[in-house]
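Reviewing the structure listed below.
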Protein chains: 2
Amino acid sequence: MAADPLSRVFSALADPTRRDIVARLAVADATVNELAAPYDVTVQAVSKHLRVLEDAGLVSRTREAQRRPVHLEATVFDLVTKWIERYRREAEERYRRLDDVLRSMPDDPPQKEGTPS
Amino acid sequence: MAADPLSRVFSALADPTRRDIVARLAVADATVNELAAPYDVTVQAVSKHLRVLEDAGLVSRTREAQRRPVHLEATVFDLVTKWIERYRREAEERYRRLDDVLRSMPDDPPQKEGTPS
DNA sequence: CTCCCTGTCAACCGAAAGGTTGAGTAAGAG
DNA sequence: CTCTTACTCAACCTTTCGGTTGACAGGGAG
């Protein structure tokens with residue numbers, strides 16, 4: 001299986017069906033059959049998706065009679081946002097510094113044209 | 001290739017090597033060879049990783065002499081954070097409502113909350 | 001008890017991912 | 001022009017992924 005937790009979360013959310021499942025679980029808990037109903041795949045396939053989400057820590061399943069309601073664990077999202085925010089901030093700060101450098105350079109900057117659009 | 005943009009971004013960031021590349025590009029632009037140096041894989045493999053990142057819109061490459069400096073496009077991160085924040089907020093709000101319901105139930109609430117109001 | 005409903009496990013299949021090697025292209029440097 | 005550097009493309013290989021079918025377990029309901 002995937003090595004680190006962050007990879008597991010990103011990988012779990014890389015699938016549209018799994019993201020849709022997460023979206024629906026954000027509204028309410030649901031059973032496997034309820035979750036599988038809208039999709040054009042078998043229940044087993046959805047069960048597999050749920051296992052991927054569970055391995056990523058995004059979802060938990062509790063036994064309740066013969067039903068196994070699935071519950072969204074939203075705290076794992078923090079892993080993703082923290083990672084992204086860190087590098088976004090770094091990139092933005094670097095961009096700001098670059099701006100400063102360019103501003104302090106009145107002479108011909110030897111740069112070529114960048115992106116065409 | 002992957003269908004929707006969000007899947008492409010999540011999928012691109014699901015690989016540790018690619019996340020490391022993103023982390024390093026947040027500090028400074030770099031060429032393919034520079035990026036490939038620390039890893040124990042061939043330059044071709046890193047070139048493939050960069051193509052995945054480029055297809056996801058996370059990275060752009062501009063020709064500059066025979067070098068192709070790679071640049072991080074941090075704005076695509078917004079796609080991810082927006083998606084996550086939406087469902088995180090939904091889940092939290094739902095949790096808050098659940099709390100309200102539990103509080104409004106005078107029958108055996110197993111809660112250890114103090115007097116709510 | 002026997003059905004039936006819910007859900008998982010196991011084996012298999014095709015397609016995609018991540019890696020390799022080898023050849024090919026584009027643009028200085030000599 | 002030739003050589004070298006920097007990189008990509010193409011073919012191939014192996015593993016993983018998303019899906020299937022089929023068999024099975026665990027509780028109610030009759």
Side-chain angles (χ1 to χ4, degrees), chain A residues 1-22 24-25 28-56 58-71 110-114 116, chain B residues 1-22 24-25 28-56 58-71:
Chain A
M1 313 295 171
D4 56 303
L6 204 44
S7 293
R8 275 197 292 266
V9 177
F10 273 120
S11 192
L13 295 177
D15 184 274
T17 302
R18 284 196 292 261
R19 279 201 309 278
D20 195 62
I21 289 176
V22 167
R24 292 166 58 203
L25 287 176
D29 291 2
T31 67
V32 178
N33 274 306
E34 288 167 358
L35 288 172
Y39 311 123
D40 207 18
V41 297
T42 60
V43 173
Q44 288 95 319
V46 174
S47 186
K48 275 194 182 183
H49 280 311
L50 288 173
R51 206 161 105 70
V52 173
L53 290 169
E54 194 178 24
D55 287 346
L58 280 160
V59 137
S60 66
R61 284 183 266 184
T62 59
R63 175 141 227 140
E64 173 190 291
Q66 76 270 46
R67 281 174 189 76
R68 288 167 187 70
V70 184
H71 177 73
Q111 66 176 23
K112 278 207 59 159
E113 287 304 313
Chain B
M1 313 292 173
D4 57 303
L6 203 45
S7 293
R8 275 198 292 267
V9 177
F10 273 120
S11 191
L13 295 177
D15 184 275
T17 303
R18 285 196 292 261
R19 280 202 308 279
D20 195 61
I21 289 176
V22 167
R24 291 167 59 203
L25 287 176
D29 291 2
T31 67
V32 178
N33 274 306
E34 288 167 357
L35 288 172
Y39 311 122
D40 207 18
V41 297
T42 61
V43 174
Q44 288 95 318
V46 174
S47 186
K48 275 193 182 184
H49 280 311
L50 289 173
R51 207 162 108 69
V52 174
L53 290 169
E54 194 178 24
D55 287 347
L58 280 161
V59 138
S60 65
R61 285 184 266 185
T62 59
R63 173 137 228 143
E64 174 190 292
Q66 75 270 47
R67 281 175 188 77
R68 287 166 187 73
V70 183
H71 178 73

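Keep in mind it's a predicted model, so treat the numbers as computed, not measured.
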Checklist entry - A:Arg8 has an atom CZ; how far is it from atom C1' of D:dT16, in whole Å? => result 15 Å
Checklist entry - Within this structure, what is the CZ-to-P distance between A:Arg51 and D:dG19, rounded to whole angstrom? => result 15 Å
Item to check | A:Leu58 vs A:Leu13 side-chain heavy atoms within contact, under 4.5 Å | outcome: yes
Next on the checklist: Could you measure the distance from the CZ atom of A:Arg51 to the CZ atom of A:Arg61? Nearest 0.5 Å is fine.
Outcome noted: 8.0 Å
Next on the checklist: Does D:dC7 have OP1 or OP2 under 4.0 Å away from a side-chain N or O of B:Asn33?
Outcome noted: yes
Next on the checklist: If you assign A:Arg61 and A:Lys48 each to the DNA chain C nucleotide with the nearest heavy atom, which residue ends up on the more 5' nucleotide?
Outcome noted: A:Arg61
Next on the checklist: Whole angstroms only, please: what is the CG-C1' distance between A:Asp40 and D:dG19?
Outcome noted: 12 Å
Next on the checklist: Please determine whether a side-chain nitrogen or oxygen atom of B:Arg68 lies at a distance below 4.0 Å from atom OP1 or OP2 of C:dA27.
Outcome noted: no
Next on the checklist: It should be established whether B:Ser47 places a side-chain nitrogen or oxygen under 4.0 Å from OP1 or OP2 of nucleotide D:dC7.
Outcome noted: no
Checklist entry - What's the CG-P distance between B:Asp55 and C:dG18, to the nearest Å? => result 12 Å
Checklist entry - For the pair made of CG in B:Leu35 and P in D:dT8, what is the distance, rounded to whole Å? => result 11 Å
Checklist entry - Checking all strands, does B:Thr17 fall into the base, sugar-phosphate, or nothing category for heavy-atom contacts under 4.0 angstrom? => result nothing
Next on the checklist: Just the rounded figure in Å: distance from C1' of D:dC7 to CG of B:Leu53.
Outcome noted: 16 Å
Checklist entry - Between B:Ala56 and B:Ala12, which heavy-atom pair has the shortest distance, and what is it? => result CB-CB, 3.9 Å
Checklist entry - How long is the line joining CD of A:Glu54 and C1' of C:dC9, in whole Å? => result 15 Å
Checklist entry - What pair of heavy atoms forms the shortest contact from B:Leu35 to B:Arg24, and how long is it? => result O-NH1, 2.9 Å
Checklist entry - Is there a donor and acceptor pair closer than 3.5 Å between the side chain of B:Gln44 and the base of C:dG18? => result no
Checklist entry - OP1 or OP2 of C:dA17 sitting under 4.0 Å from any side-chain N/O of B:His49? => result no
Checklist entry - Counting only side-chain N and O atoms of A:Thr42, is one of them less than 4.0 Å from OP1 or OP2 of D:dT20? => result yes
Checklist entry - Can you tell me how far P of C:dG19 sits from CG of B:Leu50, to the nearest Å? => result 12 Å
Checklist entry - In Å and rounded to the nearest 0.5 Å, what is the CD1 to NE2 distance from A:Ile21 to A:His49? => result 6.0 Å
